[in-house]
Amino acid sequence: MKITKIIASIVLLTAVIGGTAEAAAPVYTANVQVAFTKDHPDRALIDVINSADSTLDVAIYSLTQPDIVRAIRDAKGRGVTVRVITDKLQATGRTQAQALKLIKNTNIPIKVNTHSGLMHLKVTIADGKTVTTGSYNYSKAASTKNDEVLVTLVGEGVVARFAEEFNVMWNDTDRFKAY
């Protein structure tokens, strides 16, 4: 069953050392929408992308679904400032390389990780007001075959935290480079 517009608190883990809580992580309140594969997460994501008026930041491991690529490009065409971060290994795959070429040809800046780990995030931030996350990669298999979830969050604090992490990655010239 699709869960929509649930007001929820997202509680991050509290660090516990020796049985004593050293520091409590922030608690965020957000409007939460959830789309599992059968709920068409691609449509929910495209709705978020299409809602962007000023900024769109995308950090995604796999980006191959043509409708999502088109929506990202269309955002740029509407005058939205768009930035994309993806995984260096995924970027070498034929389908993703083609998708990234289409995006780059629209003058959207793209960065890939240079560190030894994966850039495994699945995050889209629209206008600093809405963020999507979850297991959902932006691929056809994730949209139709896999067991996936796209979580959409609307809430000032939680969106700001995702934006902060995106900006740290974007500005980190040691761990991320232009594609």
How long is the gap from [atom1] on [X] to [atom2] on [Y], to the nearest 0.5 Å?
X    : Y    : atom1 : atom2 : result
T95  : Q90  : OG1   : CD    : 10.0 Å
K76  : N105 : NZ    : CG    : 12.5 Å
Q65  : K140 : CD    : NZ    : 8.0 Å
S116 : K88  : OG    : NZ    : 6.5 Å

Looking at [X] and [Y], would you say the former's side chain and the latter's main chain have a donor-acceptor pair under 3.5 Å?
X    : Y    : answer
D127 : T55  : yes
D87  : L89  : yes
N113 : F176 : no
K129 : G155 : no
T130 : A126 : no
N137 : S62  : yes
D47  : A44  : no
R78  : A52  : yes
N146 : E148 : no

Is there a side-chain contact between [X] and [Y] in this structure, where contact means two heavy atoms from C-beta onward sitting under 4.5 Å apart?
X    : Y    : result
S143 : H40  : no
K145 : T37  : no
W170 : K111 : yes
V149 : V151 : yes
D147 : K38  : no

| field | Passing option when L153 is tested against V131, T29, I125, T132 for side-chain contact (heavy atoms from CB on, under 4.5 Å) | value | V131

| said: side-chain contact (heavy atoms from CB on, under 4.5 Å) for L121 and F166? Distances and angles first, verdict last. | reply: CA-CA 10 Å; L121 291 176; F166 185 94; over 6 Å; no

| field | Remaining members of the apolar cluster that contains V154, side-chain heavy atoms under 4.5 Å | value | none

| field | Whichever hydrophobic residues join I72 through chains of side-chain contacts under 4.5 Å | value | L45, I46, I49, L56, V58, I60, L63, I68, V69, V80, V82, V84, L100, L102, I103, I108, I110, V112, Y136, Y138, L150, Y179

| request: Indicate whether any N or O donor in one side chain lies under 3.5 Å from an N or O acceptor in the other, for R175 and T114. | output: no

| query | Hey, quick one: are Y61 and M169 part of the same hydrophobic cluster, counting side-chain heavy atoms closer than 4.5 Å, chains of contacts allowed? | reply |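 Not linked; separate clusters.
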
| field | Co-membership, hydrophobic cluster, residues V159 and V48, 4.5 Å side-chain | value |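 No, V159 and V48 fall in different hydrophobic clusters.
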
| field | Stepwise side-chain contact (heavy atoms from CB on, under 4.5 Å) check, N167 with R83 | value | CA-CA 10 Å; N167 286 323; R83 302 182 293 176; 2.7 Å; yes

| message | Tell me whether the count of non-hydrogen atoms from other residues, nucleotides or ligands lying under 6.0 Å of NZ in K104 goes above 12. | response |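 More than 12 heavy atoms, drawn from other residues, nucleotides or ligands, come within 6.0 Å of this atom.
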
| said: Counting only heavy atoms not in E156 (residues, nucleotides, ligands), do more than 12 fall under 6.0 Å from its CD? | reply: no

| task | Mind checking salt bridge (Lys or Arg N to Asp or Glu O under 4.0 Å) for D67 and listing every partner two or more places apart, or none if nothing turns up? | result | R70

